[in-house]
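What you see is a predicted model; the values in this text were computed from it and never measured.
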Amino acid sequence: MILIAIGNTHTLLAESSDGKHFATLRLPTAVPDLNLLPAPWPEKLRQGPVFLGGVVPHAAQAWAQALGRWGIPMREPDPAVFQRHVPHAYTPAASLGFDRRCCLLAAALDYPHQDSIVIDAGTAITIDLYAQGRFQGGRILPGLRMSLLALAQGTALLPDLSPEGDIPLLGNDTAASIRSGVYHMLASALQGAITQYRQRAPQAQIILTGGDAHRFLSALPSAQHLPQLLLRGFYLWAKG
Ligand SMILES: Nc1ncnc2c1ncn2[C@@H]1O[C@H](COP(=O)(O)OP(=O)(O)O)[C@@H](O)[C@H]1O
Ligand SMILES: CC(C)(COP(=O)(O)O)[C@@H](O)C(=O)NCCC(=O)O
Ligand SMILES: [K+]
């Protein structure tokens, strides 16, 4: 099965025959040019059909057009399948992000009798609660990169930093102060959400995924890091 999952920063191309092992290609999310894809991805895509999903409508539209030009059949996963496996009260139902759905579906199907707090640390960070067999709701926060950028864009003197680098408890220069502030703001928000969600679901496990997941592992020692959670959920969803 071939999957294309479009996030706000990265687009993942993936191929899997068992839903457990994924060959992946991670591209910046942009208007796709199939002629620029490295081997063996053009051949893989041509074997189609390709399942397409994401949270950037103009990029999804561009992918659909590009696949159409190449004569590659394209499918989208069926919302009714998600609703059946993950009942929820999100309003309107269709507005629940594709990446959140994939992660929730993987948690629901892989851990059916277990409550889960699903944290996806991507461009934005989502903290979603799956408990008592339902998606109970969640939180959306700015991600690490976006939070750093906001300080640079909203001030005259603060530089635009990458998330790399040491994170001190107390900064003694501008860069260290920003890194410390932004990192600990987000880590504390995650810890706080876990404490609060566990008042509703005391036994909930913590699942961490997304491009920045590894950066939050030390702040969340009881979390399970599942880097392929979104793709796993997308695969299960596409299978029906
Ligand atoms: N070129 C880049 N631009 C922005 N963020 C990047 C880049 N490369 C890596 N990142 C990191 O990836 C994170 C986004 O994670 P990812 O899971 O790929 O996002 P999404 O699923 O939303 O596309 C950012 O917060 C940042 O730390
Ligand atoms: C919350 C998100 C921006 C997270 O996606 P990301 O930025 O990590 O690519 C995305 O799931 C989204 O656009 N959701 C739609 C709104 C919602 O879920 O309510
Ligand atoms: K995400």
Side-chain angles (χ1 to χ4, degrees), residues 5 7-9 19 53-55 77-147 150 167 181-237 239-240:
N8 278 290
T9 302
V55 293
D78 179 0
V81 170
F82 176 80
Q83 184 74 43
R84 185 165 75 240
H85 291 297
V86 187
H88 61 88
Y90 215 73
T91 312
S95 67
L96 178 60
F98 169 80
D99 46 1
R100 302 174 73 187
R101 287 168 185 267
C102 288
C103 294
L104 285 162
L105 191 67
L109 295 184
D110 285 345
Y111 306 96
H113 306 296
Q114 163 83 60
D115 294 347
S116 298
I117 298 168
V118 183
I119 301 174
D120 183 353
T123 312
I125 298 173
T126 50
I127 316 170
D128 288 332
L129 178 62
Y130 176 81
Q132 295 164 334
R134 300 176 61 83
F135 169 44
Q136 303 283 346
R139 295 179 182 177
I140 302 175
L141 284 65
L144 202 49
R145 177 84 196 93
M146 191 189 292
S147 301
I167 297 153
V182 165
Y183 180 81
H184 289 112
M185 167 182 75
L186 294 175
S188 300
L190 297 178
Q191 290 161 348
I194 289 166
T195 303
Q196 291 162 5
Y197 288 16
R198 278 188 168 157
Q199 289 165 12
R200 289 268 294 267
Q203 307 298 327
Q205 64 172 347
I206 303 157
I207 303 175
L208 185 57
T209 195
D212 286 331
H214 62 286
R215 302 183 198 279
F216 292 108
L217 274 174
S218 60
L220 307 173
S222 59
Q224 243 193 107
H225 186 197
L226 299 179
Q228 312 276 47
L229 187 72
L230 187 157
L231 290 174
R232 168 85 182 141
F234 193 1
Y235 178 93
L236 293 171
W237 190 1
K239 277 240 149 188

Closest non-hydrogen atom pair between Ser218 and Tyr183, with its separation: OG-OH, 3.7 Å

Counting only N and O atoms by type, is there a donor-acceptor contact under 3.5 Å from the side chain of Tyr111 to the main-chain atoms of Gln205? no

Run the ring pair (Phe, Tyr, Trp, His ring centres under 6.0 Å) test against Phe82 and tell me which residues pass, sequence neighbours left out. His88, Trp237

Measuring from atom CG of Leu129 to atom CZ of Arg139, what distance do you get when rounded to the nearest 0.5 angstrom? 10.0 Å

Taking all heavy atoms of Ala213 and all of Leu208, pick out the closest pair and write down the distance. O-CD2, 3.5 Å

Is the side chain of Gln136 donor-acceptor paired with the backbone N or O of Ala131 at a distance under 3.5 Å, no angle test? yes

Which heavy atom of Val118 sits nearest a heavy atom of Ala107, and at what distance? CG2-CB, 4.0 Å

Applying side chain to side chain donor-acceptor pair (under 3.5 Å) to Gln228 and not counting sequence neighbours gives none

Under the side chain to side chain donor-acceptor pair (under 3.5 Å) test, which residues partner Arg198, sequence neighbours left out? none

Closest non-hydrogen atom pair between Thr209 and Pro227, with its separation: OG1-O, 3.5 Å

Are any of the side-chain heavy atoms of His184 and Ile167 separated by less than 4.5 Å? yes

Over all heavy atoms of both residues, which pair between Gln83 and Ala93 is shortest? Give the atoms and the distance, please. OE1-CB, 4.5 Å

Drop me the distance from Leu144's CG to Met185's CE, to the nearest 0.5 angstrom. 8.5 Å

For Gln114, all residues meeting side chain to side chain donor-acceptor pair (under 3.5 Å), sequence neighbours excluded: none

Return the CG to CG distance between Asp120 and Asp128, rounded to the nearest 0.5 Å. 8.5 Å

Pairs where residues 107-119 contributes a residue and the test salt bridge (Lys or Arg N to Asp or Glu O under 4.0 Å) is met, not counting sequence neighbours: Asp110-Arg232

Rounded to the nearest 0.5 Å, what separates atom CG in Leu226 from atom CD1 in Ile206? 12.0 Å

Is there a side-chain contact between Val86 and Arg101 (heavy atoms, below 4.5 Å)? no

Roughly how far apart are Leu217 CG and Asp212 CG, rounded to 0.5 Å? 11.5 Å

Tell me every residue that passes side chain to side chain donor-acceptor pair (under 3.5 Å) with Thr9, counting only those two or more places apart in sequence or in another chain. Thr123

Applying side chain to side chain donor-acceptor pair (under 3.5 Å), run through Tyr90 and Arg100 and close with a yes or a no. CA-CA 12 Å; Tyr90 215 73; Arg100 302 174 73 187; 2.9 Å; yes

Going from CG on Leu220 to CD1 on Ile207, what distance comes out if it is rounded to the nearest 0.5 angstrom? 13.0 Å

Should Phe216 and Leu190 be marked as a side chain to side chain contact (heavy atoms under 4.5 Å, CB included) after you check the CA-CA gap, both sets of side-chain angles, and the distance that decides it? CA-CA 9 Å; Phe216 292 108; Leu190 297 178; 3.8 Å; yes

Shortest non-hydrogen contact from Ile127 to Ala189? CD1-O, 4.3 Å

